[in-house]
Amino acid sequence: MFKIHADHLLTPIGKAPKKGHEMKKIYEDFDVDIYIDNGMIIDIKKHTITEHVEFKAKLVTPAFTDAHTHIPFIGKRANEFYLRAKGKTYSEIHKEGGGIYNTVNQVRTASIDTIVKENLKFLNLFEKFGVTTIEGKSGYGLDIQTELKQLKVIKYLNEISNIKVIPTFLGLHAIPHNKTKEEYINEILQSLDVFKEFTNTIDVFCDKGVYSPEDIEDFFVLAKTRGFKLRFHADEIENVGATKLAVKLGAISADHLLKISDEEISLLSNSSTIATLMPGTSFYLGESFAPARKLIDNGVGVALGSDFNPGSCPIFNPSFIMHLALRFLKMEPEEILTAYTVNSSYVLGFENKTLEPGNACDIALWNTGDFIDLIYMFDINFLSGIIINGKVKFYETV
Ligand code: NIG
Ligand code: FE
């Protein structure tokens, strides 16, 4: 047993997900001891001098959970970044066989060992900035064998790293070049049980030029009956009705939502589907931002993620994502903390990621007493320590 002596404690409390105005309710306390034993929070009470090993922190929050990344991948796409800066669009590059296909080619030819090693480096970066759980997904295979290869990489990463990578199967990320959509969906259908051995979540890029709601509805209904939770890359490039379908099928999360309509916002607010938003992608592609303020004001639960991938958002830094969330999604700091901890954890299947006795919660220790500093000075890393599965690590910080 040891304890953290927190000058300032900030945490969402109670059951996730937090929707609408509930997202702003954060428990705050000062000068408290958090007792931790075997990975569990045993007690939180006013600071007293005891004989327990004690670590001091200016601010303590739950560690962050990134609800949406495209780890594992390999290779860079800096050439596309340069082309976009000169005026080409993401969709044009995709149509010409670059974009996702560019990464697919690199992932298909790389060995499992190489992909594991490269992505382990990324996980270390996440950890250094206070993120201890992330979503990872396939989607850079576009054939059964390589999609499985990516899911195996996630399995190995979980064995090797402290960071938890929660897997999603995103076979329907783009249309493979050598077959029709129908042929590919059919192939996936035949192998669904094999994918189920690696993950219980399935996702689709449901958008213009990729898969339409009509293409995937029957398949997703079937996946649900086989026990998959559903996620959607929804209405990112154009509104094709993806959010409507996500709500209709009871998806756990509809992601991106740049082009969501008012009608769909009200559908979401009456559903249990969480809106997972990635302002890093809007920033990186120079696109509009999702209407987060409207979503929250209408009672929707919002989670945040980086969308970390080599094309549309090679940004992992949670401070920068939170900065964008405050400035462009018009979210309040308390809402941002909720969206990056308890709500993002909920999307990935964890319900107890709050600092409360009885919870097994990873913890971030910060070298500033003010949470807003993390957002305000996003390129300073304020993390002074991290507790993952009850094990403590300290960092040198400002
Ligand atoms: O979430 N929208 C589709 N997929 C990713 C991009 C992946 C890539 O460009 O490699 C996204 O933005
Ligand atoms: Fe994505």
Side-chain angles (χ1 to χ4, degrees), residues 65-74 100 103-104 106-123 126 131-174 176 184-206 211 216 219-233 246 249-253 255 276 305-310 344-351 389:
T65 294
D66 188 327
H68 184 136
T69 88
H70 286 260
I71 274 186
F73 58 83
I74 193 141
I100 291 170
T103 304
V104 167
Q106 303 190 64
V107 170
R108 280 183 182 171
T109 49
S111 73
I112 286 202
D113 297 358
T114 311
I115 306 176
V116 168
K117 190 173 164 205
E118 286 306 306
N119 285 274
L120 198 53
K121 293 184 201 165
F122 293 140
L123 297 191
F126 276 103
V131 181
T132 62
T133 306
I134 66 168
E135 186 219 21
K137 45 185 165 286
S138 69
Y140 291 127
L142 305 185
D143 61 36
I144 304 298
Q145 194 194 347
T146 318
E147 291 290 315
L148 279 173
K149 180 161 92 178
Q150 278 193 282
L151 293 173
K152 279 182 197 153
V153 167
I154 294 177
K155 184 169 172 262
Y156 297 139
L157 286 171
N158 278 311
E159 287 169 12
I160 296 166
S161 169
N162 288 327
I163 303 300
K164 291 168 272 299
V165 187
I166 310 303
T168 298
F169 171 48
L170 176 59
L172 302 181
H173 194 194
Y184 183 46
I185 291 176
N186 216 21
E187 253 179 47
I188 287 179
L189 206 59
Q190 307 305 321
S191 305
L192 215 47
D193 289 341
V194 187
F195 289 112
K196 191 78 208 304
E197 287 170 27
F198 291 90
T199 175
N200 64 358
T201 310
I202 193 164
D203 193 350
V204 57
F205 192 2
C206 189
Y211 295 91
I216 53 137
F219 169 59
F220 260 40
V221 167
L222 190 118
K224 195 174 176 185
T225 63
R226 300 266 193 98
F228 281 97
K229 286 193 295 178
L230 312 181
R231 292 187 71 161
F232 283 70
H233 276 69
L249 300 186
I252 185 89
S253 169
D255 300 44
T276 300
S306 62
D307 201 20
F308 184 57
N309 75 73
S344 48
S345 299
Y346 172 82
V347 167
L348 301 189
F350 298 103
E351 294 207 23
N389 300 329

Residue pair Asp203, His173: steps toward the side-chain contact (heavy atoms from CB on, under 4.5 Å) verdict
CA-CA 8 Å; Asp203 193 350; His173 194 194; over 6 Å; no

I'd like to know whether Ser253 forms a side-chain hydrogen bond (donor to acceptor under 3.5 Å, both in side chains) with Asp255, so could you lay out the CA-CA distance, the side-chain angles of the two residues, the decisive distance to 0.1 Å, and finally the verdict.
CA-CA 6 Å; Ser253 169; Asp255 300 44; 2.5 Å; yes

Within-4.5 Å side-chain heavy-atom neighbours: [X] and [Y]:
| X | Y | result |
| --- | --- | --- |
| Ile163 | Val131 | no |
| His233 | Leu170 | yes |
| Phe219 | Ile202 | yes |
| Thr133 | Leu348 | yes |
| Phe228 | Thr201 | no |
| Asn162 | Thr132 | no |
| Leu123 | Ile71 | yes |
| Leu148 | Phe198 | yes |

For the side chain of [X] and the backbone of [Y], is there at least one donor-acceptor N/O pair under 3.5 Å apart?
| X | Y | value |
| --- | --- | --- |
| Ser161 | Asn158 | no |
| Lys137 | His68 | no |
| Thr199 | Pro167 | yes |
| Thr69 | Glu135 | yes |
| Thr146 | Asp143 | no |
| Ser191 | Val194 | no |
| Arg108 | Gly141 | yes |

List the atom of [X], the atom of [Y], and the distance in Å for their closest heavy-atom pair.
| X | Y | answer |
| --- | --- | --- |
| Ser345 | Thr65 | OG-OG1, 2.9 Å |
| Ala67 | Ser344 | CB-CB, 3.6 Å |
| Tyr184 | Ala174 | CE2-O, 4.2 Å |
| Pro72 | Ile115 | CB-CG2, 3.9 Å |
| Glu147 | Leu142 | OE2-N, 2.8 Å |
| Ile216 | Cys206 | CD1-SG, 4.3 Å |

Ring-plane angle category for Tyr140 and His70, please: parallel below 30°, perpendicular beyond 60°, tilted otherwise.
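Tyr140 and His70: tilted rings.
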
For the residue pair Phe195 and Phe169, categorise the inter-ring angle as parallel (less than 30°), tilted (30 to 60°) or perpendicular (more than 60°).
parallel

Could you state the interatomic distance from [atom1] ([X]) to [atom2] ([Y]), rounded to the nearest 0.5 Å?
| X | Y | atom1 | atom2 | value |
| --- | --- | --- | --- | --- |
| Ile252 | Leu230 | CD1 | CG | 9.5 Å |
| Ile74 | Thr103 | CD1 | OG1 | 10.5 Å |
| Gln150 | Asn119 | CD | CG | 8.5 Å |
| Leu157 | Leu120 | CG | CG | 6.5 Å |
| Lys149 | Ile154 | NZ | CD1 | 13.5 Å |
| Asp66 | Thr276 | CG | OG1 | 10.0 Å |

Criterion side-chain contact (heavy atoms from CB on, under 4.5 Å) on Phe205 and Phe232, from CA distance to verdict:
CA-CA 6 Å; Phe205 192 2; Phe232 283 70; over 6 Å; no

Over 12 foreign heavy atoms within 6.0 Å of CD, Gln145:
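Incorrect, the count does not exceed 12.
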
So the ring pair (Phe, Tyr, Trp, His ring centres under 6.0 Å) pairs with at least one residue in residues 141-160 (sequence neighbours excluded) are none

Determine, step by step, whether Phe308 and Phe126 satisfy the ring-ring contact (aromatic ring centres under 6.0 Å, His included) criterion, reporting the C-alpha distance in whole Å, the side-chain angles of both residues, the deciding distance to 0.1 Å, and the verdict.
CA-CA 10 Å; Phe308 184 57; Phe126 276 103; 5.6 Å; yes

Please step through ring-ring contact (aromatic ring centres under 6.0 Å, His included) for the pair Phe73 and Phe122, ending with a clear verdict.
CA-CA 10 Å; Phe73 58 83; Phe122 293 140; 5.1 Å; yes

Pairs involving residues 186-196, ordered by first then second residue, that meet salt bridge (Lys or Arg N to Asp or Glu O under 4.0 Å) (sequence neighbours left out)
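Applying salt bridge (Lys or Arg N to Asp or Glu O under 4.0 Å) to every pair that reaches into residues 186-196, excluding sequence neighbours, yields Lys179-Glu187, Asp193-Arg226.
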
